[in-house]
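So the structure is just underneath, and the comments pick up after that.
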Amino acid sequence: MALQTWIEGEVATPHGLSGSTTFALDLVHLVASLRQADTRGRRFDGQGRGGHLSDHDDWMCVCFEKSEGLLDVARLRDLWTRFRALPSAGPVVMTHRDLIPANLLVQGGRLVGVLDGGSFGPADPSLDLVVAWHLLDRERRATFRCALQAEDLWWKRGVAWAFQQAMGLVWYYHRTNPAMSALGRSTISRILDDPDI
């Protein structure tokens, strides 16, 4: 573990700043800044999220099986069937690759720090859009999308990556880490409640 800089702040939560336009724009600035880094010709390394959605079919089957009794699995399976068929979103960009609340520090209603950047690397340009689904309400997600100029395919794939991540959180952490499990539920609820999904 390496500590680069000590920054005063608290870990972000799914609902703490979900209604803050200022925070949403801070997240836009973060994602845009990450994307500006040069990939130096590198490609996605094939590890974890950030490549082809359909590569995660086996994992999602496990998630659906383990989520019986916890979630509306039939509805969620149908959603994954649509998500996994989305085409590629274009050339890779540099991404954090795990923009969940636990990896963001806030103070005074602003984003002040980013944690766990060890996986920073080239991946699907939609991947870091998960942050909007983990942290923002519907109105602030619209602000985020507009300010980032996320085209329709990018946005849909961002939802798909958020869904893929959230499905694993709910059952995997159900007994061991209730906060992480609750994050998964919150993200899935936001996705299911969005009329454009």
Side-chain angles (χ1 to χ4, degrees), residues 1-2 4 11-12 14 27 30-67 70-71 76-77 79-105 113-136 144 148 150 153-174 176-177 179-188 190-191 197:
M1 179 177 141
Q4 304 298 330
V11 171
L27 295 176
L30 170 62
V31 172
S33 296
L34 295 172
R35 288 179 173 183
Q36 287 175 5
D38 192 342
T39 64
R40 298 181 183 177
R42 291 175 294 167
R43 299 183 179 191
F44 175 63
D45 62 13
Q47 302 299 309
R49 290 175 296 279
H52 299 292
L53 287 158
S54 58
D55 288 346
H56 299 270
D57 283 345
D58 289 346
W59 169 245
M60 292 301 284
C61 281
V62 171
C63 290
F64 294 133
E65 289 172 7
K66 298 286 188 180
S67 297
L70 296 173
L71 299 168
L76 299 175
R77 281 183 190 274
L79 197 54
W80 179 247
T81 298
R82 287 194 286 127
F83 284 155
R84 68 174 301 283
L86 290 168
S88 172
V92 298
V93 298
M94 294 299 285
T95 68
H96 180 281
R97 295 174 66 168
D98 196 21
L99 284 183
I100 60 172
N103 287 333
L104 298 172
L105 290 180
V114 182
L115 307 174
D116 194 18
S119 295
F120 180 62
D124 181 342
S126 306
L127 184 56
D128 282 345
L129 302 185
V130 301
V131 73
W133 296 92
H134 290 321
L135 284 162
L136 302 175
F144 176 92
L148 203 56
L153 177 58
W154 282 11
W155 190 245
K156 287 179 179 176
R157 285 183 64 89
V159 180
W161 288 123
F163 178 74
Q164 186 270 353
Q165 187 173 46
M167 281 299 304
L169 297 177
V170 175
W171 69 268
Y172 188 84
Y173 291 109
H174 179 59
T176 60
N177 190 335
M180 287 294 280
S181 182
L183 168 62
R185 286 182 179 277
S186 171
T187 300
I188 290 170
R190 285 176 173 153
I191 292 169
I197 303 303

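Numbers for residues simply follow the sequence, beginning at 1.
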* **Heavy-atom closest contact (Ser181 atom, His174 atom, distance)** => OG-CA, 3.8 Å
* Asked: Between Ala89 and Arg157, which heavy-atom pair has the shortest distance, and what is it?
  -> CB-CD, 3.5 Å
* Side chains of Val31 and Leu99: closer than 4.5 Å at any heavy-atom pair? -> yes
* Structure fact -> Between the NE2 atom in His134 and the CG atom in Leu129, the distance rounded to the nearest 0.5 Å is 11.0 Å
* **Which atom of Arg42 lies closest to which atom of Val92, heavy atoms considered** => O-CG2, 3.8 Å
* Asked: Nearest 0.5 Å, what's the CZ-CZ distance between Phe44 and Arg97?
  -> 5.0 Å
* Are the side chain of Thr95 and the backbone N or O of Arg35 linked by a donor-acceptor pair below 3.5 Å? -> no
* Asked: How many angstroms lie between CD in Gln165 and CG in Leu183, if you round to the nearest 0.5 Å?
  -> 7.5 Å
* In chain order, what residues pass the ring-ring contact (aromatic ring centres under 6.0 Å, His included) check against His56, with sequence neighbours excluded? -> Trp161
* Check ion pair Arg49-Asp98 (N to O, under 4.0 angstrom) -> yes
* Asked: Has Tyr172 got more than 12 heavy atoms of other residues, nucleotides or ligands less than 6.0 Å from its OH?
  -> no
* **Within-4.5 Å side-chain heavy-atom neighbours: Leu34 and Val114** => no
* Evaluate the criterion side chain to side chain contact (heavy atoms under 4.5 Å, CB included) for residue pair Phe144 and Trp133; output intermediate values, then yes/no. => CA-CA 10 Å; Phe144 176 92; Trp133 296 92; over 6 Å; no
* Residue among Val130, Ile197, Ile191 satisfying side chain to side chain contact (heavy atoms under 4.5 Å, CB included) with Phe163 -> Ile191
* Between the main-chain N or O of Asp116 and the side-chain N or O of His96, is there a donor-acceptor pair closer than 3.5 Å? -> yes
* Any chance CG of Asp38 has more than 12 other-residue heavy atoms, nucleotides or ligands included, within less than 6.0 Å? -> yes
* **side chain to side chain contact (heavy atoms under 4.5 Å, CB included) between Val131 and Leu104, worked out** => CA-CA 10 Å; Val131 73; Leu104 298 172; 3.7 Å; yes
* Asked: Which heavy-atom pair separates Ala102 from Val11 by the least distance, and what is that distance?
  -> CA-CG1, 3.3 Å
* To do: Output the distance between atom CG (Leu71) and atom CD1 (Ile188), rounded to the nearest 0.5 Å.
  => 5.0 Å
* Would you give the length of the straight line joining atom CG of Leu169 to atom CG of Asn177, rounded to the nearest 0.5 angstrom? => 9.0 Å
* Structure fact -> When every non-hydrogen atom of Gly90 is compared with those of Pro125, the smallest separation belongs to O-CD, 4.0 Å
* Asked: Should we count CZ of Arg43 as having more than 12 external heavy atoms under 6.0 Å?
  -> no
* Separation between OG1 of Thr187 and CD of Gln164, rounded to the nearest 0.5 Å -> 12.0 Å
* To do: Would you check, one step at a time, whether the test side chain to side chain contact (heavy atoms under 4.5 Å, CB included) holds for Met94 with Thr39?
  => CA-CA 6 Å; Met94 294 299 285; Thr39 64; 3.9 Å; yes
* Asked: At their closest point, which heavy atom of Ser67 faces which heavy atom of Trp171, and how far apart are they?
  -> OG-CD1, 3.6 Å
